[in-house]
Chemist: 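Take this structure, written in structure tokens, and hold onto it; I'll ask about it next.
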Amino acid sequence: MSIDYENELNAAQFEAVQHTQGPVLVIAGAGSGKTRTIVYRLAHLVEQGVDPSQILLLTFTRKAAQEMLQRTETILGRSLHGTSGGTFHSFAYATLRMNTHDIGFPNGFTLLDRGDSEAIVRDVRSDLQLGKGDKSYPKKNTLLDMITKSRNKERPIDAIVEQEAYHLASYVEDFETISRGYEEFKKNHALVDYDDLLFRLDQLLSENDPLRNQLQARYRYIMVDEYQDTNRVQARIVQQLAGDSGNVMAVGDDAQSIYAFRGANVANILDFPKTFKGAKIIRLEQNYRSVQPILTMTNHILENAQTKFEKKLFSELPSEQLPEVIYPISDQTQARLVTDKIIELGRKYPLHEVAVLFRAGYQSYHLEVALTRIGIKYQKYGGIRFHEAAHVKDVLCLLRLVLNTHDLMAWQRSLEHIKGVGPKTVNKIYEALHTDGKEKYLRTMRTKHQDLDDLLNELDAIRRNPMKPSAIMERIMTFYTPILTAKYPDDYPKRQAGLEQLGQIAANYTELESFLGDLSLDGDPDEEKRKENAVVLSTVHSSKGLEWKAVIIIDCVEDRFPSKKAMNRPEDLEEERRLMYVACTRAMNSLHLFVPKTIYNRFNGVSEPALPSPFVLELPSHTFSRLREAYSGGMEPQISKKATPAAAGHPSGETAGSSNKPSEKLGFCKHKIFGKGKIIARVEPNKYRINFPGFGLKVIIEDYVELL
DNA sequence: GCCAGAGTCCTTTTT
DNA sequence: GGACTCTGGC
């Protein structure tokens, strides 16, 4: 029983599957059967007699790895026992955990998630008394952003600030001080953040020859998915693991690079042939996912990119139906129109084959309410993660205390449930717990706060007799439930259901430590599999690598998609473009873009006019059909050119079949202050959106610029 | 000195 | 809706 590779793959895919010795780079356009290629290559290796445990599959999410391994098992008809698959981070976590003594944490370490790291940064700042009383001082989120950006891009903080956040230049020294304080805190408390996982692994590999050799010998075949979204450390890790044999396959698509904000470096994919000498390059260009009209449109999105991507995907799937651009009157009515559209699509496809995509997690709120009201099930990806929800963190911190009594973060969170105990008292209690001669203070506190006594007794009891994670979870829940109901009187039933789910996950583990690690690394239990007949709501980032029969993209307006934060720097705007490209290429048969004409501003409670996304304005009008919401409700075709912002962007209107590239047509201009710039689009009747090198995007009234 | 509750501002994307 | 600051009360 053998797989007929040649018939089930196209020529390029077949080549990639056959090429097992030495480095290969597969440039795989959207929907070009990338996953299929990896899956068949895995199967091929195993059929060739490679021991599955010699294969390492690094992907962007744990879910992607599991899916690939599962599909491989299906076509092979046998289990792939021993193959390592997961994210760089989870691989690093597992490897570091087996070598804790070598990285200076003989007693183990605790993994921090984003929230933990932010809390440390906040405390470091307040301990150092930086920016006291300064209301416009950068928030902990921003502080941490600068720190991790600097690490991920491996450039000093001042360089990052200069390039990406010039308005914060006066805080550079503070950033550096806080960064040092943060590093020190982590070191003192045996804490490790996401970035540390990668850097410590890299360091371990380069310093520990025996270990590196051992891992090189073990992982003879390495495959890395989504290579365009790896950063420099990740590339080094691959290099060190692959060693001289260099049996590495990297798969990626430079047009789909959407993680530059986190240090991903497209140069990795471009430099792959240099790093791995003699690398074979294979391009997959036939698209098997989308019908041709959708591809025609997405090719146009790429065409206006500043960095040209040399690819034109083609499809053999015909369709009469053009993608639709729909103009609701407001973002409120958008929710209703989208709901109607979902119902309509639901008659044609199962609901889990319909996805609504958006730029940021909060954008789906209106829609979530509307769906709940009419009883349509949905499943949300992205936005607030399961393990970040306050109540889940509460429970996880209690579990962490079972494992590690030195986990200050966990103490802080757990003790603050106690009335009359705040940050200062927590620190005192923490100290009293860990120093001799402070028993008296502890005893007074225990008598003063019954809740504290209960907590400490409970933890002691659990630690005294070892139990399975699920049993510990059960005891912790008994303890936590009263706190939960008191803290969240409005919605505790919902949260309780989430915690029960957590209990079920715990049942799959024999070790508390790996349960906690997995959860912070990729632990949304809802993401495990698609729920039957639940429409999918997802951020574009979380939609990466997935596909649906029908895709709806909402809020395609300026400041939402592209995000407001990305409007200042041309390279950020370019990433937004690729993001739009990724979003549209998720669609197989049907694609709908919603462009609300007004957006509710919760700051002043007024609905304000919104400009259509430049990525929509640029599209040649022959690539899509246009509908708008009638004031009487329902939809009508958009005929009047003047009434639509889109038409304003296309002076040639309905006959614009020939004006494929509005940006080229609009050309360049000159401004007294900003100098020469490229006109991106015409907005409103009398303004231009112009990209000025060094100044970024501006909207300027036409009278103030001189056309060149 | 420390905690809790009221009042104010701003909301990207993720391992 | 959350994170942060400010202020009154213990």
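Throughout, protein chains are lettered first and strands after them, A, B, ... in sequence-line order, and every chain is numbered starting at 1.
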Chemist: Going by ring centres under 5.5 Å and near-parallel planes (under 30°), is Phe261(A) stacked on dT13(B)?
Modeler: yes
Chemist: Calculate the interatomic distance between Leu198(A) atom CG and dT14(B) atom P; express it in whole Å.
Modeler: 17 Å
Chemist: Over how many whole Å does the gap from Gln363(A) atom CD to dT12(B) atom P extend?
Modeler: 10 Å
Chemist: With the side chain of Ser563(A) defined as its heavy atoms from C-beta on, choose the nearest nucleotide among dT13(B), dT12(B), dT15(B).
Modeler: dT12(B)
Chemist: Taking 4.0 angstrom as the limit, do Glu226(A) and Lys34(A) come out as a salt bridge?
Modeler: yes
Chemist: Take the protein atom CG of Leu573(A) and the nucleotide atom C1' of dT12(B), then report the distance between them rounded to whole Å.
Modeler: 14 Å
Chemist: Flag this pair as yes if the NZ/CZ of Lys544(A) is under 6.0 angstrom from the six-membered ring centre of Phe60(A) and inside a 45 degree cone about the axis; otherwise no.
Modeler: yes
Chemist: Does Thr61(A) make a side-chain N or O approach to OP1 or OP2 of dT14(B) shorter than 4.0 Å?
Modeler: no
Chemist: Taking only the side-chain heavy atoms of His89(A) (C-beta and beyond), determine which of dT12(B), dT14(B), dT15(B) contains the nearest atom.
Modeler: dT15(B)
Chemist: Give a yes or no on whether a salt bridge exists between Asp453(A) and Arg443(A), defined as a side-chain N under 4.0 angstrom from a carboxylate O.
Modeler: no
Chemist: Nearest-Å distance, CZ (Arg232(A)) to P (dT15(B))?
Modeler: 23 Å
Chemist: Please report the distance, rounded to the nearest Å, between CD in Glu575(A) and C1' in dT13(B).
Modeler: 8 Å
Chemist: Encode nucleotides 3-10 of chain C as B, S and - characters from 5' to 3', where the letter depends on protein heavy atoms closer than 4.0 Å: B to the base, S only to sugar-phosphate, - to neither.
Modeler: SSS-----
Chemist: Check DNA chain B against residues 418-428 of chain A and give the residues with a non-hydrogen atom under 4.0 Å, in numerical order.
Modeler: Lys419(A), Gly420(A), Val421(A), Gly422(A), Pro423(A), Lys424(A), Thr425(A)
Chemist: At 4.0 Å (heavy atoms only), tell me whether Tyr259(A) reaches a base, stays on the sugar-phosphate, or touches nothing.
Modeler: sugar-phosphate
Chemist: Measure CG/Leu197(A) against P/dT15(B) and give the value in whole Å, please.
Modeler: 13 Å
Chemist: Do Asp331(A) and Gln363(A) meet the criterion of a side-chain donor-acceptor pair at a distance under 3.5 Å?
Modeler: no
Chemist: Passes salt bridge (Lys or Arg N to Asp or Glu O under 4.0 Å), Arg155(A) versus Glu164(A)? Steps please.
Modeler: CA-CA 12 Å; Arg155(A) 304 192 57 201; Glu164(A) 302 192 21; over 6 Å; no
Chemist: Among Ile237(A), Leu96(A), Leu215(A), exactly one meets side-chain contact (heavy atoms from CB on, under 4.5 Å) together with Leu204(A). Which residue is that?
Modeler: Leu96(A)
Chemist: Under a 4.0 Å N-O cut-off, is there an ion pair linking Glu118(A) with Arg114(A)?
Modeler: yes
Chemist: Whole Å only: how far is the CZ atom of Arg560(A) from the P atom of dT12(B)?
Modeler: 12 Å
Chemist: Atom CD of Gln234(A) to atom P of dT15(B): distance rounded to whole Å?
Modeler: 12 Å
Chemist: Closest nucleotide of DNA chain B for Asp572(A) versus for Glu416(A): which of these residues is on the 5' side?
Modeler: Glu416(A)
Chemist: Any side-chain donor-acceptor pair under 3.5 Å between Ser117(A) and Tyr182(A)?
Modeler: yes
Chemist: Write out all pairs satisfying salt bridge (Lys or Arg N to Asp or Glu O under 4.0 Å) with one or both partners inside residues 359-370 of chain A, taking only residues at least two apart or from two chains.
Modeler: Arg359(A)-Glu576(A), Glu368(A)-Lys380(A)
